[in-house]
Engineer: 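One structure coming up, written as structure tokens, with questions to follow.
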Number of protein chains: 4
Amino acid sequence: MKRNSPKFMQIIEAAVIVIAENGYHHAQVSKIAKQAGVADGTIYLYFKNKEDILVSLFQEKMGSFIEKIQKEIEGISSASEKLYMLVKKHFELLSADHHLAIVTQLELRQSSKELRTRINEVLKGYLRVVEQIINEGIESGEFRSDLDVRLARQMIFGTIDETVTTWVMNEQKYDLAALAKPVHELLIRGCSAS
Amino acid sequence: MKRNSPKFMQIIEAAVIVIAENGYHHAQVSKIAKQAGVADGTIYLYFKNKEDILVSLFQEKMGSFIEKIQKEIEGISSASEKLYMLVKKHFELLSADHHLAIVTQLELRQSSKELRTRINEVLKGYLRVVEQIINEGIESGEFRSDLDVRLARQMIFGTIDETVTTWVMNEQKYDLAALAKPVHELLIRGCSAS
Amino acid sequence: MKRNSPKFMQIIEAAVIVIAENGYHHAQVSKIAKQAGVADGTIYLYFKNKEDILVSLFQEKMGSFIEKIQKEIEGISSASEKLYMLVKKHFELLSADHHLAIVTQLELRQSSKELRTRINEVLKGYLRVVEQIINEGIESGEFRSDLDVRLARQMIFGTIDETVTTWVMNEQKYDLAALAKPVHELLIRGCSAS
Amino acid sequence: MKRNSPKFMQIIEAAVIVIAENGYHHAQVSKIAKQAGVADGTIYLYFKNKEDILVSLFQEKMGSFIEKIQKEIEGISSASEKLYMLVKKHFELLSADHHLAIVTQLELRQSSKELRTRINEVLKGYLRVVEQIINEGIESGEFRSDLDVRLARQMIFGTIDETVTTWVMNEQKYDLAALAKPVHELLIRGCSAS
DNA sequence: TATGAATGAGTGTTCATTCAT
DNA sequence: TATGAATGAACACTCATTCAT
């Protein structure tokens with residue numbers, strides 16, 4: 001199976017580096033191939049076309065992203081603490097992979113509407129995790145019972161995303177992970193009961 | 001002065017329509033020229049290049065956006081109510097101009113990093129308005145004294161932006177303006193003292 | 001109108017030369033543009049795509065081909081003599097334009113089935129001229145009344161075409177026009193009454 | 001010897017099918033390999049390159065074509081009847097193998113000039129058979145003594161070829177074999193003495 | 001000012017062929 | 001013999017920008 005071949009991930013890792021260093025619009029397939037150490041044609045043994053590289057990149061990276069976060073929060077009972085762990089992990093994972101941060105926050109957003117639609121499909125998995133935390137919080141009484149789940153999710157994701165983007169645009173000059181606590185406090189106040 | 005010629009705004013309005021209807025990547029200069037009723041070359045008498053059209057578009061639209069919001073909130077004394085008015089106006093103004101909503105929330109984001117950097121310059125004016133409200137709230141005691149102004153601003157802008165984007169991506173099917181109140185409540189809880 | 005611009009014919013003439021000298025498969029658009037003395041992009045102001053150049057080439061050349069032949073035969077009353085003039089003109093016109101002979105007899109035949117289908121549409125005009133001569137000959141009693149028009153047309157066109165192709169493949173070493181008389185005799189014997 | 005291995009003909013038969021069904025330009029080596037039930041690389045154990053497959057295909061098919069026709073006409077003494085048998089067999093053999101008819105009349109003609117030159121080498125064997133019949137006819141007094149052998153051959157082959165091509169392009173809708181008699185009559189009138 | 005014809009740089013993808021196994 | 005993963009050369013077309021009128 002193509003997806004399990006080492007070349008598959010090799011090409012995706014190369015794409016992350018090339019896009020981060022050259023920008024989305026200058027990330028030619030030939031550059032990615034050279035970075036991956038394979039011939040141009042080899043790319044097409046593993047990916048349908050260029051767009052497929054980018055979607056797969058997002059799927060793989062976001063997939064493991066969600067997986068890691070879910071593993072971290074599954075043992076936690078409090079919704080508030082789950083939310084804290086989610087924010088913390090989100091910040092930590094992107095802090096640990098500067099290239100990936102640039103690619104997801106800045107570069108991949110310049111892709112065409114069609115590509116972003118497919119990326120959003122992947123993102124929905126993440127949003128569902130957020131919504132589940134909110135629902136659990138409401139049920140447990142931690143969060144207000146009249147909380148609009150979609151709006152709360154938009155606040156949580158919007159705040160996290162805006163915080164990371166600002167950090168990336170400031171060239172990652174300050175400690176993003178350190179913001180997990182105050183950001184969590186902001187968010188939890190919006191959601192908390194009483 | 002170029003900027004005062006009627007053609008200047010004529011071209012910008014044409015750009016909004018062409019981008020909204022065709023998408024960023026299919027918004028050729030020639031299409032904008034035709035929509036504006038001028039020759040291709042004429043565009044370059046008023047704008048340095050294509051990027052300049054887009055930056056100018058954002059400057060003009062965001063400028064009047066900020067102006068309108070500032071006018072609305074200048075008579076209000078409470079920071080919380082100012083924030084409410086800001087959210088409300090933000091939602092109302094974009095609800096009233098569907099083309100502009102598509103262009104600012106979806107299409108312009110596909111522009112290159114360089115262009116987005118310049119767009120962010122324009123955005124800073126808006127962010128300053130938000131930060132000023134936060135500062136006023138802290139000073140008046142409405143908001144917690146230990147509130148991190150930048151984080152609060154990121155929460156407010158991130159939440160508003162994510163809410164509008166979700167609405168646009170859902171093809172503007174529901175009433176955005178009606179969300180002003182619950183969104184405001186979410187934000188104000190995050191910021192409020194006690 | 002594009003078709004009347006001097007550039008239109010200029011590009012077609014360039015295409016004939018480039019295809020004749022380089023062969024169909026090595027006739028890149030950029031080579032045609034250079035030969036025509038215009039930029040690559042200019043080609044696309046006058047032709048929809050590369051195929052359109054070739055179809056237009058055939059239309060223009062075959063169109064004037066048919067026109068010239070029709071003009072020559074319109075004053076002639078005898079079907080046999082009309083046929084003679086057709087063969088003679090056909091041979092003379094291709095003898096006079098070696099490049100065109102190569103292009104129509106050898107190079108254009110390597111085009112895709114789709115392109116050849118469109119080329120055949122143009123050819124039909126020529127075949128109709130042949131069939132009309134046959135019909136006139138039958139009506140006047142010059143040709144046998146039981147002559148199958150389609151078969152006779154296939155013999156006439158097949159013989160002419162094969163004769164020209166053989167001549168082109170022999171690098172145009174002998175006098176093609178001199179074959180008009182004996183070829184005509186062969187054909188006319190096949191068709192004649194008695 | 002490669003040519004005697006069953007795989008040799010297996011690959012040629014696969015090529016006929018793949019070209020007939022997909023067209024010359026979509027007949028990739030990998031498709032032919034799959035159709036033949038061998039690996040891509042195996043092709044190159046039996047053929048020098050792709051062109052060699054096509055030339056061999058033509059050699060094999062045309063070789064047996066000529067063989068069959070020669071066997072049919074060798075017992076016949078009259079040149080006219082030999083010609084009749086040649087036309088009849090030609091039409092019958094192609095009527096019986098629709099795939100081959102498409103490949104030889106339409107698809108193989110899209111090959112490069114170089115390939116067609118090599119194909120013509122093979123064709124010469126067929127043309128020699130035709131010329132021999134003509135020469136026999138002249139010697140026996142059946143055909144005119146002033147008949148130009150090459151022209152007569154061009155008429156005969158051109159007419160047959162054009163008739164078959166028209167039939168193939170009309171999707172083989174009518175009975176080709178039934179045309180043998182009238183076609184023969186057309187040709188024989190052109191050649192006959194008196 | 002205004003025009004619009006002309007420019008030319010830039011790139012994703014296919015597929016015949018090779019070669020290590 | 002047989003395999004099939006890997007190779008890499010080759011090219012049509014778009015569109016932002018210019019400049020002679």
Side-chain angles (χ1 to χ4, degrees), chain A residues 2 5-7 11 25-34 36-54, chain B residues 2 5-8 11 25-34 36-54, chain C residues 2 5-8 10-11 25-34 36-54, chain D residues 2 5-8 11 25-34 36-54:
Chain A
K2 307 281 184 193
S5 162
K7 291 246 165 77
I11 291 166
H25 287 295
H26 295 105
Q28 296 95 333
V29 171
S30 61
K31 253 184 208 155
I32 296 174
K34 180 175 265 182
V38 300
D40 292 19
T42 305
I43 298 270
Y44 293 88
L45 296 176
Y46 296 92
F47 300 89
K48 230 171 60 251
N49 48 36
K50 188 180 179 180
E51 178 176 313
D52 192 30
I53 306 176
L54 304 176
Chain B
K2 311 278 186 189
S5 161
K7 290 238 168 95
F8 182 82
I11 291 167
H25 287 294
H26 296 104
Q28 295 93 339
V29 171
S30 61
K31 249 184 213 157
I32 296 174
K34 178 176 266 182
V38 301
D40 293 17
T42 305
I43 298 268
Y44 291 86
L45 298 174
Y46 295 91
F47 300 89
K48 221 169 74 255
N49 49 35
K50 187 180 180 181
E51 181 176 308
D52 191 31
I53 306 176
L54 303 176
Chain C
K2 307 280 185 191
S5 162
K7 290 247 165 76
F8 182 81
Q10 193 175 325
I11 291 166
H25 287 294
H26 296 105
Q28 295 95 333
V29 171
S30 62
K31 255 184 206 154
I32 296 173
K34 181 175 265 182
V38 300
D40 292 19
T42 306
I43 299 269
Y44 294 89
L45 296 177
Y46 295 92
F47 300 90
K48 230 175 56 253
N49 49 35
K50 187 180 178 181
E51 179 176 312
D52 192 32
I53 305 176
L54 304 175
Chain D
K2 312 277 185 190
S5 163
K7 290 237 168 95
F8 182 82
I11 291 166
H25 286 295
H26 296 105
Q28 296 92 338
V29 171
S30 62
K31 249 185 211 156
I32 295 173
K34 178 177 268 184
V38 301
D40 294 18
T42 304
I43 299 267
Y44 291 86
L45 297 174
Y46 296 91
F47 299 89
K48 223 170 72 255
N49 49 35
K50 186 179 180 182
E51 180 176 308
D52 192 31
I53 306 176
L54 304 176

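A, B, ... follow the sequence lines: proteins, then strands. Residue 1 opens every chain. Computation of the quantities below employed the complete heavy-atom set of this structure, encompassing side-chain atoms and omitting hydrogens, waters and symmetry-equivalent molecules. Here the structure is a predicted model, which is why all the values come from computation and not from measurement.
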Engineer: Extract the stems that DNA chain F is part of, considering only consecutive pairing runs of at least three Watson-Crick or G-U wobble pairs, both distances under 3.5 Å.
Structural biologist: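 The stems are E:2-21 with F:2-21.
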Engineer: Quick check: are there more than 12 heavy atoms from other residues, nucleotides or ligands sitting under 6.0 Å from NE2 of B/H26?
Structural biologist: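 Atom NE2 in B/H26 is not crowded, with 12 or fewer foreign heavy atoms closer than 6.0 Å.
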Engineer: Give the rounded distance in Å between these two atoms: NZ of A/K34 and C1' of E/dT11.
Structural biologist: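 Distance check: A/K34 NZ to E/dT11 C1' gives 15 Å.
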Engineer: What is the separation between atom CD1 on A/I43 and atom C1' on E/dT11, rounded to the nearest whole Å?
Structural biologist: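 Taking CD1 of A/I43 and C1' of E/dT11, I get 14 Å after rounding.
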Engineer: What is the distance, to the nearest angstrom, from the CG atom on A/D52 to the C1' atom on E/dT13?
Structural biologist: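 Rounded to the whole Å, the gap is 14 Å.
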Engineer: Quickly, which of B/Y46, B/F47, B/Y44 forms a side-chain contact (heavy atoms from CB on, under 4.5 Å) with B/D52? Name it, please.
Structural biologist: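 Among B/Y46, B/F47, B/Y44, the one meeting side-chain contact (heavy atoms from CB on, under 4.5 Å) with B/D52 is B/F47.
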Engineer: When you check every protein heavy atom under 4.0 Å of nucleotides 12-21 of chain F, what one-letter string (B, S, -) results, 5' to 3'?
Structural biologist: SBBSSBB---
Engineer: Does D/K7 place a side-chain N or O at less than 4.0 Å from the phosphate oxygens OP1/OP2 of F/dA2?
Structural biologist: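 True: D/K7 side-chain N/O within range (under 4.0 Å) of F/dA2 OP1/OP2.
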Engineer: Which heavy-atom pair separates D/Q28 from D/K50 by the least distance, and what is that distance?
Structural biologist: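 Closest pair (atom of D/Q28, atom of D/K50, distance): CA-NZ, 4.4 Å.
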Engineer: State, with a plain yes or no, whether a side-chain heavy atom of B/K31 is found less than 4.5 Å away from one of B/K34.
Structural biologist: no
Engineer: Let me confirm one number: the CD1-CD1 distance from A/I32 to A/I43, rounded to the nearest 0.5 Å.
Structural biologist: 6.0 Å
Engineer: Between atom CZ in C/F47 and atom P in E/dA6, what is the gap in whole Å?
Structural biologist: 13 Å
Engineer: In this structure, how many angstroms lie between the C1' atom of F/dT3 and the OH atom of D/Y46, rounded?
Structural biologist: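 After rounding, the reported distance stands at 13 Å.
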